[in-house]
Amino acid sequence: MKRKMMAILCAASMMGAMLASTTAFAEGEQIALITMDSIDQHWISLNEGAQEAAEELGATVTFMSPNTKDDAQQIECVNNAVAGGYQAIIVAANGPDAITSALEEAVEAGIKLVYVDSPANVDAEATFSTDNEAAGTTAGEEMIAALEEKGITSGTIGIVNVNAATDSTVKREAGFRAAFEGTDFEILETQYGEGDAAKSQTIAENYITQGVVGIFGCNEGSTTGAGNAIKASGNEDIVGVGFDKSDTILNLISDGYLLATMAQNPDVMGYEGVKAAVAAINGEDLGGEVTDTGVSVITAESLAESETEEAETEAATE
């Protein structure tokens, strides 16, 4: 019933956009934006970047993503985009294997394919994403440095990931694990929370009862869950490091429950993804190029510095 309802919602979203933008269909490029879900702040920011580019270029971008991370629902949205006559699909694949057939059918129908954040196993015109493995290694190095500063040189580490298939988070985990090679720390078996903050918090709480010294969250929901679990435990000696940037995550960092997060640039992914889609629709060969959209490490110190700079800027303009 849930999947049937999501299919109806995806179809309704597509039909509403078609009815509301008949003129745009005739004049501008029609692009479907399908991310893993439509709730995480990461995807909302990506859509904002996409809409900015669409306005500049005179294209129409329809954000028609599922309301939760689910392969079947995402596939249904792809099928709806094909049936709706969209000229390009920009997608962040939840399951790169699961969505393959649907994307192959889209390409066979002449639809241009662009990846943002997380690719699938079908050749695309272009990909815009973080160098996730490198960023995962940076996350591990940040955790090791913080633990050593506390005088901790051994102990167990927990990882909360989304699932075992999503390309971006799998690479983040691989990079994170690589950072600990040659150390005396032991990384426990990864647990999966489907990117859901509540499920991830339960997993992190279980890790804490096992006496971990650190927890790594591989995406927004995982990181939020880990931070909330550390907060609930009252044990601020546990080092939490994660991925993505949301108001909740930034507050957890400011309050000392998370050490750092690897902040991506989803707005850049969306913006550049639309530019690439429009170019491909108009016959430009993009060669399947993969572009690293960058990542920055956000800590309590960097947040404080940003706040100080903002205050100084405001004071200077008064």
Side-chain angles (χ1 to χ4, degrees), residues 10-66 74 77-93 99 102-103 105-120 122-131 168 244-245 263-295:
C10 280
S13 172
M14 180 187 72
M15 290 303 296
M18 289 173 67
L19 290 171
S21 57
T22 304
T23 301
F25 255 79
E27 297 177 356
E29 296 83 2
Q30 298 303 307
I31 302 165
L33 172 60
I34 304 172
T35 57
M36 295 182 198
D37 65 52
S38 56
I39 298 172
D40 282 359
Q41 200 163 326
H42 179 79
W43 305 122
I44 293 171
S45 296
L46 194 151
N47 180 46
E48 289 172 352
Q51 297 301 335
E52 180 182 349
E55 184 175 353
E56 291 179 6
L57 299 172
T60 297
V61 173
T62 304
F63 188 37
M64 49 192 299
S65 301
Q74 192 177 51
C77 286
V78 172
N79 292 340
N80 286 337
V82 174
Y86 284 83
Q87 297 166 286
I89 294 175
I90 300 173
V91 64
I99 203 172
L103 292 179
E105 289 177 9
V107 172
E108 288 172 3
I111 296 172
K112 303 299 182 181
L113 178 62
V114 173
Y115 292 128
V116 288
D117 186 86
S118 191
V122 179
D123 289 341
E125 303 294 327
T127 300
F128 300 91
S129 64
T130 300
D131 184 339
S168 58
D244 294 329
K245 180 176 68 174
Q264 304 182 83
N265 294 301
D267 55 330
V268 176
M269 296 179 194
Y271 184 88
E272 295 298 332
V274 169
K275 285 177 59 180
V278 169
I281 290 169
N282 288 294
E284 186 174 338
D285 182 3
L286 304 178
E289 184 177 356
V290 177
T291 300
D292 177 11
T293 50
V295 69

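Position 1 is the first residue of the sequence, and the numbers go up from there.
No donor-acceptor distance shorter than 3.5 angstrom exists from the side chain of S129 to the backbone of V116, with no hydrogens or angles considered. Of the possible donor and acceptor atoms, one in the side chain of Q30 sits under 3.5 Å from a partner among the backbone N and O of G28. At least one donor-acceptor pair closer than 3.5 Å links the side chain of D37 to the backbone N or O of I39. The main-chain N or O of V278 is found under 3.5 Å from a side-chain atom of N282 such that the two form a donor-acceptor pair. Of the possible polar contacts, none joining the N265 side chain to the D267 backbone as a donor-acceptor pair under 3.5 Å is found. Counting only distance, with no hydrogens or angles, the side chain of T293 and the backbone of F128 share no donor-acceptor pair below 3.5 Å. Checking side-chain atoms of S168 against main-chain N and O of S118 turns up no donor-acceptor pair under 3.5 Å.
At most 12 heavy atoms of other shown residues, nucleotides or ligands fall within 6.0 angstrom of atom CG in D123. Around CD of E56, the count of heavy atoms belonging to other residues, nucleotides or ligands within 6.0 Å exceeds 12.
For the atom pair CD1 of I111 and CD1 of I281, the computed distance is 10.0 Å after rounding to the nearest 0.5 Å. From I89, atom CD1 reaches atom OG1 of T62 across 11.0 Å, with rounding to the nearest 0.5 Å. With rounding to the nearest 0.5 Å, the separation of CG in N80 from OH in Y86 is 9.5 Å. Taking OG1 from T130 and CE from M269, the interatomic distance works out to 3.5 Å, rounded to the nearest 0.5 Å. Atom CD of Q74 and atom CE of M36 lie 7.0 Å apart (nearest 0.5 Å). With rounding to the nearest 0.5 angstrom, the CG atom of L103 is 11.0 Å from the CD atom of E108.
Between F63 and W43, the shortest heavy-atom contact is CZ-O, 4.1 Å. Looking at every heavy atom in both residues, S38 comes nearest to I44 through O-CG1, 4.0 Å. Scanning all heavy atoms of the two residues, the minimum distance from L286 to A280 falls at CD1-CB, 4.3 Å. Here the shortest heavy-atom pairing between A50 and L33 reads CB-CD2, 3.9 Å. The shortest non-hydrogen separation linking C77 to S65 is SG-C, 4.3 Å. Looking at every heavy atom in both residues, A277 comes nearest to I31 through CB-CD1, 3.8 Å.
By the 4.5 Å heavy-atom criterion applied to side chains, Y271 and V268 are not counted as neighbours. In this structure the side chain of D244 never reaches within 4.5 angstrom of the side chain of D40, judged on heavy atoms. In this structure the side chain of V295 never reaches within 4.5 angstrom of the side chain of D131, judged on heavy atoms. A heavy-atom distance below 4.5 Å is not found between the side chains of T35 and N47. Looking at Y115 and V290, their side chains never come closer than 4.5 Å, going by heavy atoms from C-beta outward.
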